[in-house]
Amino acid sequence: MEDKRSLSEQDICNRYITPSLQQSGWDLMTQIRTEYTFTDGRIRIQGQKSTRGPRKRADYILSYQENIPIAVIEAKDNTHPIGGGMQQAMTYAEMLDLPFVFASNGDGYIFHDRTGQTVPVETELSLEEFPSPDELWSKYREWKGITDDIENIVRHPYHADGSGKEPRYYQRIAIQKVVEAIARGEQRTLLTMATGTGKTYTAFQIIWRLWKSKKVRRVLFLADRNILIDQTRVNDFKPFGGVMTKVKNRKVDKSYEIYLALYQALVGNEDTKDIYKQFSSDFFDLIVVDECHRGSAREESAWRDILDHFSGAVHLGLTATPKEKKNVSTTAYFGDSTYTYSLKQGIEDGFLAPYKVVRIDLDRDLLGWRPPTGMTDDLGQLIEDRIYNQRDMDRILVLNQRTKLVAKRIVQYMVQTDKYGKCIIFCEDI
């Protein structure tokens, strides 16, 4: 008998674990992924330079089908006990939302069932006893409450554009959780994802799977800024092609299936009020509200009038910052978030950059500014004679030269660090 203690971890995988999986019916090409890296590694800032921390990588991810991973295996060499990798595997399982966790050193497996359906929860298995795909899928179905009539929806594949792009791990979790919730009949769903983590792409994949599986037929994507609609239409939603339209010019064409609209365009003005009422109340099966904390969370808002008109549809709210105030509540309408991917987690995973305050004091901010007597603004109006300070800048007072200087200093900083790096700039005032 071969002395396993002399073998490396990779040898253990190649000679014992992978053959064991194949013997249990797992397909090497479509169901087994080895050395699966799922984070980018935290960005660490050191002066003007940045480095990345280690990426998280699972030894094995097992999927019932391409878009439904259900198990993780952490392998160790044979100098470790069978369950030596269990703690690490549990950490990955929690992050990846996987119910079935295995650890192995080549002698067998320790199996931890996070669904609680196995008694005891943690059991030892021989190499020959590894569960088949159908055995684990049956447990998964029971855990998630997936019945025969919704399985087609839950298992429907993602849109693939041929580039090899696939959802990041947290996007995959968000998509699957929302699809499963809607398939089970939930009418109000909230998805919370930090800015810059791909909410629109995630929403596209949710809509695509529900639309392709015929769970929904007509969809309204609602936003409050025109640039969001236009970017969505030409970028993430482009695969919808000819079945998609943007509501504009106060015109309603009922021959499409995917509609993108500004809520202002649907509500109209005094002369052309309530354009949305040209659609019957049951016209849409799904309403997706982008940045839902801005308007739809407020009971007296125009958004709420639209949502109330289409009350029979499924309503999916997207936000980075749910609001909970006396007269505004995101969760009161949509319910608790089905899935949350926070700014903190995005930074920890390395998909978002950590923030570092770089303070630059300008003379007008420090010393203030007082207009010469009788000075008028660009519109010819007299400027109030007083001292303006930092609190007034870009709120009450706009100094064009100061604005140009701020932009110049931002660009200088970006060029000094990484001129090709992605950047988001938040403007306090337009």
Trainee: Strictly below 4.0 Å, N to O, side chains only: are Arg42 and Glu348 in salt-bridge contact?
Mentor: yes

Trainee: Salt bridge check: are Asp365 and Arg402 linked by an N-O gap of less than 4.0 Å?
Mentor: yes

Trainee: Between Asp236 and Lys238, does any NZ, NE, NH1 or NH2 come within less than 4.0 Å of an OD or OE carboxylate oxygen?
Mentor: no

Trainee: Any ion pair linking Arg141 and Asp148 (charged N to carboxylate O, less than 4.0 Å)?
Mentor: yes

Trainee: Looking at Arg33 and Glu166, is any side-chain nitrogen of the basic one under 4.0 Å from a carboxylate oxygen of the acidic one?
Mentor: yes

Trainee: Decide whether Trp137 and Glu142 meet the rule of one side-chain donor and one side-chain acceptor closer than 3.5 Å.
Mentor: no

Trainee: Taking atom types as modelled, find out whether Gln176 and Arg209 have a side-chain donor-acceptor pair closer than 3.5 angstrom.
Mentor: yes

Trainee: Can the ring centres of Tyr276 and Phe279 be said to be less than 6.0 Å apart?
Mentor: no

Trainee: Phe111: which residues meet the ring pair (Phe, Tyr, Trp, His ring centres under 6.0 Å) condition with it, sequence neighbours left out?
Mentor: Phe102

Trainee: So that I know where these two stand, are Phe100 and Tyr140 an aromatic pair - ring centroids less than 6.0 Å apart?
Mentor: no

Trainee: Is the shortest distance from a Lys or Arg side-chain nitrogen in Lys177 or Asp97 to a carboxylate oxygen in the other one below 4.0 Å?
Mentor: yes

Trainee: Could Asp230 and Lys246 be called an ion pair, given the rule that one side-chain N must be under 4.0 Å from one carboxylate O?
Mentor: yes

Trainee: Would you say Thr319's side chain and Thr321's backbone share a donor-acceptor pair under 3.5 angstrom?
Mentor: yes

Trainee: Could you tell me whether the side chain of Tyr109 reaches within less than 4.5 Å of the side chain of Ser20, counting heavy atoms only?
Mentor: yes

